[in-house]
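In what follows, a single structure is set out as structure tokens and then discussed.
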Amino acid sequence: MSRGRADRPGGTGADPGRIPAARSTRLIVGEEPGPALPAGAPGRSTRLIVGEKPSPAPDRITTGRSARPRLRLDADGRVEHDIRPAELSNDLAGWIADDLVAPGHLDPAAFEETFVAVVQDVDPGWTVFYRNTLAALATGGAHGGTNAGMAPVHDRAAALAVGPHVVELGCCFGFLSLRLAADGHRVTAVDLVPGTARLPAHVSEKLGTPVTTLAGNALAVPLRDASADTVFAVHLLEHLPRGLDAAVLTEMLRVARQRVVVAVPFEDEPAPAWGHVRTFDLDDLHALGAATGLPYAVDEHHGGWLTVEKRT
């Protein structure tokens, strides 16, 4: 999942006039597993308990946060939500972080599991989730939401892509890869988790922007030398311990023919809710670039950027 903070509401993959009344869904996270998720869905399954009675639709606002949290814990410690298809997007990541993780209601280790369970409950086919997220990213996202935080990052990354074939390492749900495919690039998206890697490939066919996906480690990318024009690692390195960043960059340079692009968030402390284990600053990026012995540039745009050129 893309992670950040992100004024326009996202697009709706379903007809708003046909959206049923919001229901209260209770998720048991981290207990006995339920039915397996559909092929391509990331993470392991989570048993869902869906309330029989619809709950009143909470007041909604299109900017900022609602007065009532979108996700809550009931008296038994189960996660509840009232999220409807029209509002389901990657902004869910920020809602989980704000409503559950930050107050200490949910262990950060259960973040991904909770995310997948909520999406699966609202949109079993995942296409509404993807359409809404891509529409929000294209229009800037709702103020303060995850999509609004990532939209300028994706715009910058797309502007830096050169050549017909691009690779994204650590693609997660593949929103950037789908953007690059829509821009006309042939895209290979790589993620460590096989289920996560399969999902964007499955959805991309339905969206008409096919993306090739591979399960693979960024430290040993399953691609030939000089097999892609541009290789991206966008908001990946902050998830890895110090010392592995140089190894990942070496792999990126091995695979790239023309350019390598790294983007990282700037944080005072690593954000555990997002799975971050280290921070970066401009000096860190300069050190990485200088160690390559190749022409490079470092700058700041909604975080830090390192671009290394293999051809000048």
I'd like to check the side-chain hydrogen bond (donor to acceptor under 3.5 Å, both in side chains) partners of Glu267; sequence neighbours left out, ordered by chain and number. His276

The ring pair (Phe, Tyr, Trp, His ring centres under 6.0 Å) partners of Tyr130 (sequence neighbours excluded) come to Phe175

Is there side-chain contact between Leu178 and Leu134, with at least one heavy-atom pair below 4.5 Å? yes

If you measure from CG on Leu199 to SG on Cys171, what distance do you get to the nearest 0.5 Å? 9.5 Å

Go through the structure and list residues passing side-chain hydrogen bond (donor to acceptor under 3.5 Å, both in side chains) with Thr230, not counting sequence neighbours. none

Is Trp95 close to Val118 at the side-chain level, that is, under 4.5 Å between some pair of heavy atoms? no

Same cluster for Val308 and Leu237 if Ile/Leu/Val/Met/Phe/Trp/Tyr side chains link at under 4.5 Å? yes

Enumerate donor-acceptor pairs with a distance under 3.5 Å from any side-chain N or O in residues 287-304 to protein atoms, sequence neighbours excluded.
residue, atom, partner, partner atom, Å
Thr292, OG1, Gly289, O, 2.6
Thr292, OG1, Leu294, N, 3.2
Tyr296, OH, His286, ND1, 3.3
Asp299, OD1, Arg156, NH2, 3.3
Asp299, OD2, Arg156, NH1, 3.3
Asp299, OD2, Arg156, NH2, 2.6

Can you name the nearest heavy-atom pair linking Pro194 to Ala215, along with the distance? CA-CB, 3.8 Å

Who are the side-chain hydrogen bond (donor to acceptor under 3.5 Å, both in side chains) partners of Asp183, not counting sequence neighbours? Arg179

Strictly distance-based, threshold 3.5 Å: is any side-chain N or O of Asp74 a donor or acceptor partner for the main-chain N or O of Asp76? yes

Is the ring pair Phe173/Trp126 parallel, tilted or perpendicular, if the boundaries are 30 and 60 degrees? tilted

Give the cluster check for Phe129 versus Met150: same hydrophobic cluster or not, with ILVMFWY residues linked at side-chain heavy-atom distances below 4.5 Å. yes

Approximate separation, where rounding is to 0.5 Å, of Leu88 CG and Arg131 CZ: 13.5 Å

Does Arg84 offer a backbone N or O that forms a donor-acceptor pair with the side chain of Glu87 under 3.5 Å? yes

For Thr213 and Ala201, work out which heavy atoms get closest and say how close. OG1-CB, 3.3 Å

Please answer: with hydrophobic residues joined when any side-chain heavy atoms are less than 4.5 Å apart, are Val193 and Val190 in the same cluster? no

Once rounded to the nearest 0.5 Å, what's the spacing between atom CG of Asp268 and atom OG1 of Thr279? 8.5 Å

Which pair of heavy atoms, one from Val264 and one from Val262, lies closest together, and at what distance? CG1-CG1, 4.2 Å

Can you sort out the partners of Ala181 under side chain to side chain contact (heavy atoms under 4.5 Å, CB included), two or more places apart, ordered by chain and number? Val187, Thr209, Val211

Is there a donor-acceptor contact under 3.5 Å linking the side chains of His81 and Asp121? yes

Run the side-chain contact (heavy atoms from CB on, under 4.5 Å) test on Val116 and Phe111 for me, step by step, so that the C-alpha distance in whole Å, both residues' side-chain angles and the decisive distance to 0.1 Å come before the verdict. CA-CA 9 Å; Val116 169; Phe111 186 106; over 6 Å; no

Could you work out, with side-chain hydrogen bond (donor to acceptor under 3.5 Å, both in side chains) as the rule, every residue matching Arg254, not counting sequence neighbours? Asp225, Glu251

Is there a chain of hydrophobic side chains (I, L, V, M, F, W, Y, each step under 4.5 Å between heavy atoms) that links Leu219 to Leu214? yes

Taking only residues two or more places apart in sequence or in another chain, which ones pass salt bridge (charged side-chain N to carboxylate O under 4.0 Å, His left out) with Asp245? Arg278

Nearest 0.5 Å, please: how far is CG in Leu244 from OG1 in Thr250? 11.0 Å

Using the salt bridge (Lys or Arg N to Asp or Glu O under 4.0 Å) rule, collect all pairs that involve residues 206-224, keeping only residues at least two apart or in two chains. none

Closest heavy-atom pair and its distance - Gly174, Pro200: CA-CB, 4.2 Å

Test side-chain contact (heavy atoms from CB on, under 4.5 Å) applied to Phe232 and Val260, step by step: CA-CA 6 Å; Phe232 289 94; Val260 160; over 6 Å; no

Let me confirm one number: the CG-NE2 distance from Leu192 to His239, rounded to the nearest 0.5 Å. 12.0 Å

Taking the side chain as everything from C-beta on, heavy atoms only, tell me whether Glu238 gets closer than 4.5 Å to Val277. no

Going by side chain to side chain contact (heavy atoms under 4.5 Å, CB included), name the residues that satisfy it together with Asp107, two or more places apart in sequence or in a different chain. Ala109

Do side-chain atoms of Asp91 reach the backbone of Thr146 as a donor and acceptor pair under 3.5 angstrom? yes

Find the distance between OG1 (Thr307) and CZ (Arg259) and round it off to the nearest 0.5 Å. 6.0 Å

If two hydrophobic side chains count as joined below 4.5 Å and joins carry through other members, does Leu282 share a cluster with Val261? no

pair Thr114-Leu106: side-chain heavy atoms closer than 4.5 Å: yes

Just jot down the salt bridge (charged side-chain N to carboxylate O under 4.0 Å, His left out) partners of Asp123, sequence neighbours excluded, or say none. none

Check: residues 158-170 side-chain donor-acceptor pairs under 3.5 Å, at least two apart:
residue, atom, partner, partner atom, Å
His165, ND1, Ser227, O, 2.9
His165, NE2, Thr188, OG1, 2.9
Glu168, OE1, Ser177, N, 3.3
Glu168, OE1, Ser177, OG, 2.5

Do Asn147 and Thr133 have a side chain donor and acceptor closer than 3.5 Å? no

Closest contact, heavy atoms only, Ala226 versus Arg257: O-NH1, 2.9 Å

Do side-chain atoms of Arg72 reach the backbone of Pro69 as a donor and acceptor pair under 3.5 angstrom? yes

Measure the shortest side-chain to side-chain distance between Leu71 and Glu80 over non-hydrogen atoms and say whether it is less than 4.5 angstrom. no

Is a salt bridge present between Arg70 and Asp98, judged by a nitrogen-to-oxygen distance below 4.0 Å? no

